[in-house]
Amino acid sequence: MFIPNLLSAESGSESIVRARIVIVEDEPDLRDAVAEYLGASGYDVATAESAAAARNLLEAQSFHLAILDIAMPGEDGLSLGRWMRSKMPIGIIYATAAGTALDRIVGLELGADDYIVKPYELREVLARVRSVLRRVPAPTEPQKTKAETSGGRRSVSFGAFHADLDGRLVTGANGAVIDMAKSEFDVLEVFLTRANRLLTRAAISEAIGFVEDPESSRAVDIRIMRLRKKIEADPANPKFLRTVRGEGYIFSLPAGENN
């Protein structure tokens with residue numbers, strides 16, 4: 001039997017964290033129906049009718065998973081999804097109208113975990129939610145990463161390194177500051193906020209504001225090569241920033257090292 005909760009360890013003991021889902025959909029009937037169905041299935045569910053409302057919601061709390069309608073008035077779901085990923089590690093399922101294959105391709109290129117085609121059955125939504133949540137790292141408490149350092153700053157630790165994402169500072173063993181160019185930190189932040197996810201060069205380029213073309217792909221590769229020299233003991237055999245041949249890159253962050 002599937003249990004819609006996530007196990008996590010805190011202070012040497014296990015605690016149960018109910019999976020938190022946000023649904024961003026401008027159609028009120030559909031939004032309410034999905035929320036009611038997932039809520040009855042044991043999840044903590046919040047809703048927003050627009051990207052602006054979702055932004056306000058996510059400034060106050062964190063979520064494990066977001067279901068985003070792509071075609072919303074104003075800011076679309078793709079743009080909102082990019083912003084969410086810059087704020088927290090979160091699974092994303094895009095909802096797209098039937099026949100809009102381009103939206104689905106773009107969404108997957110930007111790192112979406114899954115997509116559903118409207119009109120869809122609620123049972124299909126639940127199945128996809130369960131599948132994505134199995135792959136999403138389980139935080140111990142809402143916004144634990146943000147609260148790990150004083151003042152609610154976002155931070156991520158990996159190996160002997162600690163990255164202060166808000167202060168844009170990386171330190172190594174014994175607190176030594178790692179000299180890192182802005183462009184290198186930009187790429188590192190993309191990986192740290194999307195750890196354990198396969199990212200194509202196109203997705204990385206989009207996240208750091210590049211226009212996807214052969215030149216920007218080479219620029220991404222160069223920045224990754226420089227990053228490896230600074231954070232990998234053996235850049236030729238990286239532990240963290242690995243290449244997936246023919247696909248892109250993935251930043252491996254073992255469970256328990258993301259806070």
Side-chain angles (χ1 to χ4, degrees), residues 4-6 8 17-28 30-32 34-36 38-39 42-96 106-107 110-116 125 128-129 132-133 135-156 163-168 186 189-197 199 203 206-209 253 258-259:
N5 295 312
L6 303 174
S8 59
V17 179
R18 285 170 61 88
R20 298 178 300 279
I21 302 172
V22 59
I23 302 165
V24 187
E25 169 63 60
D26 65 308
E27 298 180 33
L30 178 58
R31 182 175 67 242
D32 294 344
V34 176
E36 181 178 356
L38 293 180
Y43 299 101
D44 286 338
V45 182
T47 63
E49 71 278 6
S50 66
R55 284 175 178 261
N56 290 334
L57 192 61
L58 268 80
E59 290 291 357
Q61 57 185 303
S62 62
F63 294 89
H64 298 93
L65 175 68
I67 301 175
L68 308 179
D69 182 22
I70 289 181
M72 294 186 293
E75 182 182 7
D76 64 24
L78 295 173
S79 173
L80 177 62
R82 290 195 299 269
W83 178 82
M84 285 183 172
R85 283 276 170 80
S86 74
K87 291 292 184 180
M88 64 185 71
I90 186 171
I92 292 179
I93 299 175
Y94 284 118
T96 180
V106 171
L110 293 179
D113 296 280
D114 206 342
Y115 67 86
I116 49 179
V125 176
R128 293 183 182 277
V129 163
V132 172
L133 285 175
R135 309 194 299 269
V136 174
T140 56
E141 292 294 341
Q143 297 184 313
K144 181 173 177 63
T145 300
K146 293 185 178 182
E148 191 64 26
T149 57
S150 62
R153 301 176 74 91
R154 295 179 303 142
S155 65
V156 180
D164 178 352
L165 300 182
D166 293 320
R168 298 182 64 80
D186 288 344
E189 183 174 12
V190 169
F191 281 112
L192 292 181
T193 54
R194 301 161 176 81
N196 302 316
R197 302 178 188 276
L199 299 179
E206 174 72 21
I208 61 178
L253 196 61
N258 63 326
N259 293 306

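Scope of the values below: all heavy atoms of this structure, side chains included, with no hydrogens, waters or symmetry mates.
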Are more than 12 heavy atoms, taken from residues, nucleotides or ligands other than E75, located less than 6.0 Å from that residue's CD atom?
yes
Please find the pair of heavy atoms, one from V22 and one from F63, that lie closest to each other, and give the distance.
N-CD2, 3.8 Å
Looking only at heavy atoms, what is the nearest atom pair of G167 and D164, with distance?
N-OD1, 2.9 Å
Heavy-atom closest pair (I93 atom, Y115 atom, distance to 0.1 Å) is CG2-CA, 4.1 Å
For side chain to side chain contact (heavy atoms under 4.5 Å, CB included), just list the numbers for R20 and S62, CA-CA rounded to whole Å, side-chain angles, deciding distance to a tenth of an Å, and then say yes or no.
CA-CA 8 Å; R20 298 178 300 279; S62 62; 3.6 Å; yes
With the threshold set at 4.0 Å, does a side-chain nitrogen-carboxylate oxygen contact exist between R154 and E189?
yes
Side-chain contact test, heavy atoms from C-beta onward, threshold under 4.5 Å: evaluate it for Y43 versus L133 and give yes or no.
yes
Between Y94 and R82 the two heavy atoms that sit nearest each other are OH-N, 4.4 Å
CG-CD distance between D44 and Q61, expressed to the nearest 0.5 angstrom
9.0 Å
Kindly compute the distance separating CG (L65) from CZ (R128), expressed to the nearest 0.5 Å.
12.5 Å
To the closest 0.5 Å, what do you measure between CG (L253) and CG (L192)?
7.0 Å
Can you tell me how far the OG1 atom of T96 sits from the CG atom of L68, to the nearest 0.5 Å?
12.0 Å
Heavy-atom distance under 4.5 Å between the side chains of D186 and R168, does that happen here?
yes
Determine, stepwise, if the pair L80 / R55 fulfils side chain to side chain contact (heavy atoms under 4.5 Å, CB included).
CA-CA 8 Å; L80 177 62; R55 284 175 178 261; 4.0 Å; yes
Do R31 side-chain atoms and I23 backbone N/O form a donor-acceptor pair below 3.5 Å?
no
Please evaluate residues E25 and V34 with respect to the criterion side chain to side chain contact (heavy atoms under 4.5 Å, CB included), reporting the C-alpha separation (whole Å), side-chain torsions for both, the decisive distance (0.1 Å), and the verdict.
CA-CA 10 Å; E25 169 63 60; V34 176; over 6 Å; no
Taking all heavy atoms of V24 and all of A51, pick out the closest pair and write down the distance.
CG1-N, 4.3 Å
Closest non-hydrogen contact found for M84 with A54 is CE-CB, 4.4 Å
Measure the shortest side-chain to side-chain distance between D69 and L30 over non-hydrogen atoms and say whether it is less than 4.5 angstrom.
no
